[in-house]
Amino acid sequence: MTCVAQTRPASVWLVEEQYIKESPHSPGKFAMNTYAQNDEKQRVAELVDGLATLGFAVGRKPLMSVEDLNYLREFVDRIYEARIGEHDVSSSTPVVERLIGIDARVDRIFDSVLRDPTIRGVLEAIHGPDYKIWEISARYSIDGDPGLGIHQDAFGQMNLALNLSELDDDCGVTSFIPRSHMLYRWSHRVSWARPSIGNRIAVPLRFGHSDFAFFLNKTWHGRTRNKGGTVKKIILIGTFPAGAKYLPKFEEKEIESIDPACVELRRLVDFRVDTQRLESGEVSVVARDGTQGKPFSIELEDSKRYLFRSLPIFSKLAAMELIFRPARWANRVLKALRLRQSAA
C-alpha cells in the first residue's frame, strides 16, 4: 500500500478495488474472464486516477465514430451559423447552448456517449451512481480570442469535454494548473489570474488521438489565447452529483423534444427527476435510493484533507503571488501618480 493511495478518499478507494484489483494480474476472485473487460476497467481506472491526481484526464482513444463526429461537427456549425440559442457568456467567446431536442441523430450520439461503459464508469466513480447533467453546450474560440483567466466553477461540478476541433494545438483551448483541485477556492483572489499570466503556467488541454476528456471544475483552469488563425470547437457536458445544486438550463419543451429512444439522455438532463426544487430556483440532486453518501466530487470540496498533498502546488502558486502582488500594488501607485501629475 503506497502513501499516495492512503491519502485518497474512500470513494477513490472503491474505484481502485473495482477497477484495478479486478485484473488478470491480481489473483483470487477479482480476476476477470476476458481481456476486453480488463481493458475497459483499466481505461476507467486510468481516467479516475488522472482526475484524482491532476484534476483532469484525457481518454486514450476516440469515443465516437468518424461518421458521428463529422455529423456532430456539421450540426454544431449549422446551429452556430443560424445563431439558434447562441450568445456570449465566456469572455466574448460564442457559446451555442441549445443542442438537444433538435436532431434525432444528434440526440442518439449524446445518448450513446452517456451510455458508454468508460464514460459511465468514470462518472459513477467520481460522482457516485446519482448525477445529473446541467448543460450540454458548444464553445467556439475564434482567431483573436484573448483567452479566459484562471478560475474555478461550481461546487461538485465535473465536465465531460468532447473535442470537435480538427487541429490539436495550444491556441484557444482550456488549460489547467495540475493538482490545483486539492486547493481551496482561492483562484479569484490571486493577482496573476488574468489570461496573459495565468495561462503561462497552466497546461493546455491536448486530446491527441482521443476525442474526449474529463475535468473537475474545482481545478484552477482558464483558456489560452487564440492567435493561430483557426477556430476551436468543444462540447462541454456539465454534471453534478447528489448533494450538489444547479440552476436548470434546459427548458421542459426542449427535454420533451428529445428522441424518445434516448432514455439515458432524457433522464440525465430532466431537472424534474431525481432532484428537489429549492426556493432560489435551483435544484438539488438527490440520491434515488434515499441515501446521501459523499462521492469523491463532494469530498474534494473539503480541502483540509488535502493539505499535505497540496503543499507543492501551493508553494509554487504562493511564490507567484509574492512576485505579482507587490508588482500589482506598484503598478497602482504609478497609475495614481500619473493621474495626479496630469491633473496638475
Side-chain angles (χ1 to χ4, degrees), residues 40 44 47 59 61-87 89-90 94-124 126-127 129-140 157-166 207 210-215 217 231-241 246-275 283 285 288:
E40 183 68 52
V44 173
L47 289 164
K61 63 180 186 178
L63 185 65
M64 297 175 283
S65 68
V66 175
E67 293 77 16
D68 282 349
L69 181 58
N70 288 335
Y71 191 88
L72 195 55
R73 281 173 177 156
E74 293 172 1
F75 168 79
V76 170
D77 283 340
R78 190 166 67 247
I79 299 299
Y80 170 71
E81 291 167 4
R83 298 186 179 276
I84 299 176
E86 186 253 16
H87 60 89
V89 297
S90 180
V95 178
V96 183
E97 292 195 309
R98 191 184 175 200
L99 295 178
I100 60 174
I102 300 173
D103 185 301
R105 179 172 176 181
V106 170
D107 290 346
R108 290 194 294 270
I109 292 173
F110 284 131
D111 188 70
S112 177
V113 165
L114 296 169
R115 288 186 293 102
D116 181 85
T118 298
I119 300 302
R120 180 178 284 174
V122 173
L123 285 168
E124 291 185 354
I126 299 297
H127 279 336
D130 303 295
Y131 52 88
K132 299 293 288 185
I133 289 178
W134 165 61
E135 72 164 345
I136 301 177
S137 63
R139 306 197 175 204
Y140 282 68
Q157 184 179 355
M158 179 172 71
N159 276 3
L160 166 60
L162 304 178
N163 183 35
L164 300 184
S165 302
E166 297 183 36
F207 287 90
S210 180
D211 57 9
F212 77 96
F214 286 96
F215 65 91
N217 294 63
V231 176
K232 294 298 177 62
K233 294 171 283 187
I234 190 172
I235 288 177
L236 295 179
I237 301 177
T239 64
F240 285 94
Y246 64 92
L247 187 65
K249 277 196 171 185
F250 300 109
E251 298 179 2
E252 292 187 16
K253 62 180 181 180
E254 191 176 359
I255 298 170
E256 299 302 328
S257 298
I258 297 173
D259 184 348
C262 302
V263 177
E264 185 74 353
L265 174 64
R266 289 173 68 101
R267 181 183 69 82
L268 290 175
V269 302
D270 194 340
F271 60 88
R272 301 163 297 183
V273 178
D274 301 325
T275 62
V283 294
V285 184
R288 280 174 286 180

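- Shown here for Ser257 and Gly101, the closest heavy-atom pair between the two residues is CB-O, 3.4 Å.
- Within the model, atoms CZ of Arg267 and CD1 of Ile133 stand 9.0 Å from one another, a figure rounded to the nearest 0.5 Å.
- When all heavy atoms of Lys232 and Ser165 are compared, the pair lying nearest together is CA-OG, 3.3 Å.
- At distances below 3.5 Å, not a single donor-acceptor pair connects side-chain atoms of Asn163 with backbone N or O atoms of Phe207.
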* To do: Kindly determine whether Ile109 and Met64 satisfy side chain to side chain contact (heavy atoms under 4.5 Å, CB included), including the steps that lead there.
  => CA-CA 8 Å; Ile109 292 173; Met64 297 175 283; 3.9 Å; yes
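- Interatomic distance, CG of Asp107 versus OG of Ser112, reported as 12.5 Å (0.5 Å rounding).
- Between the side chain of Asn217 and the backbone N or O of Asn159 there is at least one donor-acceptor pair closer than 3.5 Å.
- For the pair Arg78 and Asp103, the minimum side-chain heavy-atom distance is below 4.5 Å.
- By the 4.0 Å N-to-carboxylate-O rule, Arg120 lies too far from Glu40 to be salt-bridged with it.
- Salt-bridge formation is detected for the pair Arg266/Glu256: a Lys NZ or Arg NE/NH1/NH2 atom is positioned less than 4.0 Å from an Asp or Glu carboxylate oxygen.
- A pairwise comparison of heavy atoms in Ser137 and Val95 identifies CB-CG1, 4.0 Å as the closest pair.
- With rounding to the nearest 0.5 angstrom, the CG atom of Leu99 is 5.5 Å from the CD1 atom of Ile235.
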* When you look at Val113 and Leu160, which way does the side chain to side chain contact (heavy atoms under 4.5 Å, CB included) test go after all the steps? -> CA-CA 10 Å; Val113 165; Leu160 166 60; 3.9 Å; yes
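- Put simply, CD on Glu135 and CZ on Phe250 are 7.5 Å apart, with the number rounded to the nearest 0.5 Å.
- Screening Ile136, Val269, Ile258, Leu268 for a side chain to side chain contact (heavy atoms under 4.5 Å, CB included) involving Phe110 leaves a single residue, Ile136.
- The pair Arg105-Asp68 counts as a salt bridge, with a side-chain nitrogen and a carboxylate oxygen less than 4.0 angstrom apart.
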* To do: Apply the test side chain to side chain contact (heavy atoms under 4.5 Å, CB included) to residues Leu164 and Leu69: give CA-CA distance (whole Å), side-chain angles for both, the deciding distance (0.1 Å), then the verdict.
  => CA-CA 7 Å; Leu164 300 184; Leu69 181 58; 3.8 Å; yes
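- Formation of a donor-acceptor pair under 3.5 Å by the Asp274 side chain with backbone atoms of Arg288 is not found in this model.
- Between Tyr131 and His127, the two ring planes are tilted [angle within 30° to 60°].
- Residues Arg115 and Glu264 are not paired through a salt bridge, judged by the lack of any N-O separation under 4.0 Å between the basic side chain and the carboxylate.
- A pairwise comparison of heavy atoms in Tyr140 and Tyr80 identifies OH-CB, 3.3 Å as the closest pair.
- Between Glu252 and Arg272 a salt bridge is recorded (basic side-chain N to carboxylate O distance below 4.0 Å).
- Using the six-membered ring where Trp is involved, Phe240 and Trp134 have ring planes that are perpendicular, over 60° apart on the 30 and 60° scheme.
- Using a 4.5 Å heavy-atom cutoff, the side chains of Leu72 and Val106 are in contact.
- Ala261 approaches Asp111 most closely through the heavy-atom pair O-OD2, 4.4 Å.
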* **side chain to side chain contact (heavy atoms under 4.5 Å, CB included) between Tyr246 and Val283, worked out** => CA-CA 6 Å; Tyr246 64 92; Val283 294; 3.5 Å; yes
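- Annotation: the span from Thr118 atom OG1 to Leu63 atom CG amounts to 7.5 Å, rounded to 0.5 Å.
- Atom CG of Leu114 and atom CD1 of Ile119 lie 8.0 Å apart (nearest 0.5 Å).
- For the pair Gln157 and Gly238, the tightest heavy-atom approach, listed with the atom from each and the gap, is NE2-CA, 4.2 Å.
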